[in-house]
Colleague: 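Quick one: structure below, then a few questions.
As the structure is a prediction and not an experimental result, all values here were calculated from the model.
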Amino acid sequence: TKGRPPSGTTKGRPPSGTTKGRPLKVGLVQMAMSAEPRDNLERAIAGVREAAARGAAVVVLPELFRSRYFCQSEDAAVCALAEPVRGPSTEALAALASELKIARVGSLFEKRAAGLYHNPAAVLDGERGYLGKNILGKGLDFTVKVKLGAGAFVCGEETALIASIEGKRGQPKAKPPFPVQKGLWGYPTIINNVETLANVPYIIRKGASWYAAMGTEKSKGTKVFALTGKIQNSGLIEVPMGIPLKEVIYDIGGGIENGKKLKAVQTGGPSGGCIPANMADTTLDYESLGKVGSIMGSGGMVVLDETDCMVNVAKYFLQFTQSESCGKCVPCRVGTKRLLEILTRITEGKGREGDIELLETLSSDVKTSSLCGLGQSAPNPVLSTIRYYRDEYEAHIYEKRCPAGVCKDLLSYSIVEEFCKGCTACTRVCPAGAIIGEKKKPHKIIQDICIKCGACFETCKFKAIKKG
């Protein structure tokens, strides 16, 4: 798969003396993960040895990749290797670095100086002449400036992004005029995602027909997803548009972790919808995801298993979008707040008859009348979970019960006498002193004192604690 900044999609300048005058190029390919960390380390070391054998300079980037992934470059003059933050593999990589005389880029200043952190344009301009003034002597001027934003979610909307670049508060504007008519500093502006621009070199190099051969009739090319959640193999993956969801989950992701059953997959980031397990044949393209109530969005893909509460999941994602609302328009500012209040009340066992219908109506209003994409997509987790898991909402509201056993206020713990051995392990870990009983005799939980922390449930070796 193609990597991601700061080293995945940039070209950079390694420390002095490491390239011996060769053209500079940093490539990053994410390696397949194994369940065993030792296997991953051995793969990483093998990849670096191969890179060194073909004359590639190798740069170790400490603390730059705070993940469990090792990276290698297949065709680059520079191979970027992620150094683990801690663990036994640190010593192995240190020995490898010494053996192959690998350059170590330590401080933030050194990373920037090496061109591996923020500004690849300076390297391209100085070394290749592909950017800047009079490119390749053809009289064309083209300058690239990398601007680091504050990370506001709403700035994914194009007019909010423009406002942020101009030094203003990141808030969207009503359209028209569209940015292509009046954008950055009042000039016509074309907005493109970095992922979109990353495809351009490949299309130029291999042709439009090559790129169009991948994907579906209306959704061409590939898409990068951040696969995470209750999955064996998590990380960034790049797949062709139109690939079935189940193929991503089971073939690439390795299936659900801990032997659990797939319950749903939430796609599109925090404002995406949840796709139930019985719709795992859904293909990953814009049209198919839209039909099932989800979006492609930012490429997030969160896998949920049977232990997840869908009402709580909807509340979790809405908490984020509500907090990231810029507050400019009333439907988003107030509407998401009211939605979150209702969901919170339901998960606390205070749901009322009519709450589900109120959620649906309010979600529809927020989607229809919000100014930008944040508000228009924020209700997706609510609507999709009601659509496919209405029974869970009804259980929370009418039965005051969380089927998944997640919502703390709806939980209760009890001891099954026939399984209890009277070992007193539960009494020792209970912080509230809510468990009573004599040694070697069945114990009992005093419900009025129990704080529902779950310590007894996790401690009992005889499965005598019932949660429900």
Colleague: Can a salt bridge be assigned to the pair R345 and E348 using a cut-off of 4.0 Å between side-chain N and carboxylate O?
Modeller: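 E348 and R345: not salt-bridged.
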
Colleague: Could you tell me whether the side chain of T347 and the main chain of T344 form a donor-acceptor pair under 3.5 Å?
Modeller: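 Side chain of T347 to backbone of T344: a pair is present.
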
Colleague: What residues, two or more places apart in sequence or in another chain, satisfy ring pair (Phe, Tyr, Trp, His ring centres under 6.0 Å) together with Y211?
Modeller: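 Ring pair (Phe, Tyr, Trp, His ring centres under 6.0 Å) list for Y211, sorted by chain: empty.
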
Colleague: Sub-3.5 Å donor-acceptor pair from the side chain of T216 to the main-chain atoms of S219, do we have one?
Modeller: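 Looks like yes, one N/O pair under 3.5 Å.
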
Colleague: Near K452 NZ, under 6.0 Å, is it more than 12 heavy atoms from other residues, nucleotides or ligands?
Modeller: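 Counting neighbours around NZ of K452, more than 12 heavy atoms of other residues, nucleotides or ligands fall under 6.0 Å, so yes.
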
Colleague: Regarding S412 and Q447, is there a side-chain donor-to-acceptor distance under 3.5 Å anywhere?
Modeller: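 S412 vs Q447: no donor-acceptor pair found between side chains.
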
Colleague: For a quick test of reading the model, state the closest non-hydrogen atom pair linking L362 to G335 and the distance between them.
Modeller: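 Heavy-atom minimum between the residues: CD2-O, 3.9 Å.
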
Colleague: Quick one: does any side-chain atom of S164 pair with a main-chain N or O of A160 as donor and acceptor, under 3.5 Å?
Modeller: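 Not a single qualifying donor-acceptor pair exists.
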
Colleague: Are S271 and F320 side-chain neighbours, meaning at least one heavy-atom pair lies under 4.5 Å?
Modeller: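 Result no, sub-4.5 Å side-chain heavy-atom pair not found.
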
Colleague: Hey, is the main chain of L358 close enough, under 3.5 Å, to the side chain of T361 for a donor-acceptor pair?
Modeller: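 Checked: no pair found.
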
Colleague: Report the distance from atom CD1 of I446 to atom CD1 of I435, rounding to the nearest 0.5 Å.
Modeller: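 Nearest 0.5 Å value for the CD1-CD1 distance: 9.5 Å.
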
Colleague: Once you round to the nearest 0.5 Å, how far does OH of Y250 lie from CG of L245?
Modeller: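 So the gap between those two atoms works out to 9.0 Å.
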
Colleague: Given M301, which partner from the list I275, T228, V248 fulfils the side-chain contact (heavy atoms from CB on, under 4.5 Å) test?
Modeller: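 It is V248; the other options fail the test.
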
Colleague: With a cut-off of 6.0 Å (strictly less than), are more than 12 heavy atoms of other residues, nucleotides or ligands near CG of L197?
Modeller: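 Result for CG/L197: enclosed.
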
Colleague: Please confirm whether R205 makes a cation-pi placement over Y202, using NZ or CZ under 6.0 Å from the six-membered ring centre and within 45° of the ring normal.
Modeller: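 Yes, cation above the ring, under 6.0 Å and within 45°.
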
Colleague: Just do the salt bridge (Lys or Arg N to Asp or Glu O under 4.0 Å) check on E417 and K444 with the steps written out, would you?
Modeller: CA-CA 8 Å; E417 292 189 4; K444 182 180 180 180; over 6 Å; no

Colleague: Within the side chain of N312, is there an N or O that forms a donor-acceptor pair under 3.5 Å with the backbone of C309?
Modeller: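 The answer is no, because no donor-acceptor pair under 3.5 Å joins these two groups.
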
Colleague: Any non-hydrogen side-chain atom of V303 less than 4.5 Å from a side-chain atom of L262?
Modeller: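 Side chain of V303 against side chain of L262, heavy atoms only: contact under 4.5 Å found.
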
Colleague: Show your working on side chain to side chain contact (heavy atoms under 4.5 Å, CB included) between E394 and E399 and close with a plain yes or no.
Modeller: CA-CA 7 Å; E394 292 173 346; E399 302 174 25; over 6 Å; no

Colleague: Do V366 and P379 have side chains that get closer than 4.5 Å, going by heavy atoms?
Modeller: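 Side chain of V366 against side chain of P379, heavy atoms only: contact under 4.5 Å found.
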
Colleague: Does any part of the side chain of V154, heavy atoms only, come nearer than 4.5 Å to the side chain of C372, both counted from C-beta?
Modeller: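 Sidechains of V154 and C372: in contact.
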
Colleague: Among K218, M296, E217, find the one that has a side-chain contact (heavy atoms from CB on, under 4.5 Å) with E287.
Modeller: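 For E287, the side-chain contact (heavy atoms from CB on, under 4.5 Å) check succeeds only for K218.
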
Colleague: Would V313 and C274 count as a side chain to side chain contact (heavy atoms under 4.5 Å, CB included) here? Give the steps.
Modeller: CA-CA 9 Å; V313 166; C274 294; 4.1 Å; yes

Colleague: With heavy-atom distances below 4.5 Å as the criterion, would you say the side chains of P270 and F153 are in contact?
Modeller: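 The answer is yes, as the side chains (C-beta and beyond) meet within the 4.5 Å cut-off.
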
Colleague: For I295 and Y286, what are the C-alpha separation, side-chain angles and deciding distance, and is it a side chain to side chain contact (heavy atoms under 4.5 Å, CB included)?
Modeller: CA-CA 7 Å; I295 58 175; Y286 291 98; over 6 Å; no

Colleague: If you count the non-hydrogen atoms of other residues, nucleotides and ligands that lie under 6.0 Å from NZ in K350, is the total more than 12?
Modeller: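 No, the 6.0 Å shell around NZ holds no more than 12 heavy atoms from other groups.
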
Colleague: Is the backbone of K173 close enough, under 3.5 Å, to the side chain of T159 for a donor and an acceptor to pair up by distance?
Modeller: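 Yes, the answer is positive, given that a donor and an acceptor are paired below the 3.5 Å cut-off.
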
Colleague: Can you confirm whether F142 is buried at CZ, in the sense that more than 12 heavy atoms of other residues, nucleotides or ligands lie under 6.0 Å from that atom?
Modeller: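 It does not: F142 CZ has 12 such atoms or fewer within range.
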
Colleague: Does any donor atom in the side chain of S384 or Y389 lie under 3.5 Å from an acceptor atom in the other side chain?
Modeller: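 No, because no side-chain N or O of S384 sits under 3.5 Å from a partner of the opposite role on Y389.
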
Colleague: Please test D305 against K260 for salt bridge (Lys or Arg N to Asp or Glu O under 4.0 Å), starting from the C-alpha separation and ending with a verdict.
Modeller: CA-CA 6 Å; D305 68 13; K260 301 289 186 180; over 6 Å; no

Colleague: Using a 6.0 Å cut-off, check whether atom NZ of K337 has over 12 heavy atoms from anything other than its own residue.
Modeller: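 Result for NZ/K337: open.
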
Colleague: Quick one: CZ on R428 to SG on C456, what's the gap to the nearest 0.5 Å?
Modeller: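 Reported to 0.5 Å precision, the distance equals 13.5 Å.
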
Colleague: Testing the basics here: between P381 and S377, what is the closest heavy-atom pair and its distance to 0.1 Å?
Modeller: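 So the two residues come closest at CD-O, 4.1 Å.
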
Colleague: Side chains of N380 and K367 only: does a donor on one sit below 3.5 Å from an acceptor on the other?
Modeller: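 Yes - a donor-acceptor pair under 3.5 Å links their side chains.
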
Colleague: Identify the heavy atoms of P179 and I162 that sit nearest to each other, and give their distance.
Modeller: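 Heavy atoms of P179 and I162 come nearest at CB-CD1, 3.9 Å.
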
Colleague: Between K463 and F419, is NZ or CZ placed under 6.0 angstrom from the six-membered ring centre and within 45° of the ring axis?
Modeller: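 No, K463 does not lie over the aromatic ring of F419.
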
Colleague: Is the shortest heavy-atom distance from the side chain of D308 to the side chain of K230 under 4.5 Å?
Modeller: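 Side chain of D308 against side chain of K230, heavy atoms only: contact under 4.5 Å found.
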
Colleague: Using side-chain heavy atoms (C-beta onward) and a distance below 4.5 Å, is H396 in contact with P403?
Modeller: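 A side-chain contact exists here, since the closest heavy-atom pair is under 4.5 Å.
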
Colleague: Could you please spell out the steps behind the salt bridge (Lys or Arg N to Asp or Glu O under 4.0 Å) verdict for K223 and E195?
Modeller: CA-CA 8 Å; K223 176 63 181 174; E195 185 179 358; 3.0 Å; yes

Colleague: Tell me if a side-chain donor or acceptor on K400 pairs with a main-chain N or O of L410 at a distance below 3.5 Å.
Modeller: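 Side chain of K400 to backbone of L410: no pair is present.
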
Colleague: Is a donor on one side and an acceptor on the other found under 3.5 Å between the side chain of K328 and the backbone of P172?
Modeller: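 Present.
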
Colleague: Drop me the distance from I415's CD1 to F462's CZ, to the nearest 0.5 angstrom.
Modeller: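 It comes to 12.5 Å.
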
Colleague: Please lay out, stage by stage, how E360 and R390 fare under the test salt bridge (Lys or Arg N to Asp or Glu O under 4.0 Å).
Modeller: CA-CA 11 Å; E360 291 177 317; R390 195 182 190 93; 3.1 Å; yes

Colleague: Would you indicate whether K220, at its atom NZ, is surrounded by more than 12 heavy atoms from other residues, nucleotides or ligands within a distance under 6.0 Å?
Modeller: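 Count over threshold, so yes.
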
Colleague: Over all heavy atoms of both residues, which pair between Y393 and V382 is shortest? Give the atoms and the distance, please.
Modeller: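 Y393 and V382 have their closest heavy atoms at OH-O, 3.9 Å.
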
Colleague: Between E392 and M310, is there a donor-acceptor pair closer than 3.5 Å when you use the side chain of the first and the backbone of the second?
Modeller: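 Yes, the answer is positive, given that a donor and an acceptor are paired below the 3.5 Å cut-off.
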
Colleague: To the nearest 0.5 Å, how far apart are CG in L227 and CG in N233?
Modeller: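 It comes to 8.0 Å.
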
Colleague: Can you find a pair of side-chain heavy atoms, one from T189 and one from V180, that are under 4.5 Å apart?
Modeller: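 Of all side-chain heavy-atom pairs linking V180 with T189, none is under 4.5 Å.
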
Colleague: Please determine, by modelled atom types, if E238 and T222 share a side-chain donor-acceptor pair under 3.5 angstrom.
Modeller: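 Yes, a side-chain donor-acceptor pair sits under 3.5 Å.
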
Colleague: Would S288 and T283 count as having a side-chain donor-acceptor pair, cut-off 3.5 Å?
Modeller: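 A donor-acceptor contact under 3.5 Å links the two side chains.
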
Colleague: Examine distances only and state if a side-chain atom of K466 and a backbone atom of V416 form a donor-acceptor pair shorter than 3.5 Å.
Modeller: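 Side chain of K466 to backbone of V416: no pair is present.
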
Colleague: Could you tell me if T267 and S294 have a donor-acceptor pair between their side chains, going purely by distance under 3.5 Å?
Modeller: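 The criterion, which ignores hydrogens and geometry beyond distance, is satisfied for T267 and S294.
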
Colleague: Looking at every heavy atom in both A404 and E306, which two are closest together, and how far apart are they?
Modeller: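 Heavy atoms of A404 and E306 come nearest at CB-O, 4.3 Å.
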
Colleague: Between V265 and L304, does the side chain to side chain contact (heavy atoms under 4.5 Å, CB included) criterion hold? Intermediate values first, please.
Modeller: CA-CA 6 Å; V265 179; L304 307 170; over 6 Å; no

Colleague: Got a second to check how far E166's CD is from L184's CG, nearest 0.5 Å?
Modeller: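 Separation between the atoms: 5.0 Å.
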
Colleague: Looking only at heavy atoms, what is the nearest atom pair of Y388 and V292, with distance?
Modeller: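 So the two residues come closest at OH-O, 2.9 Å.
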
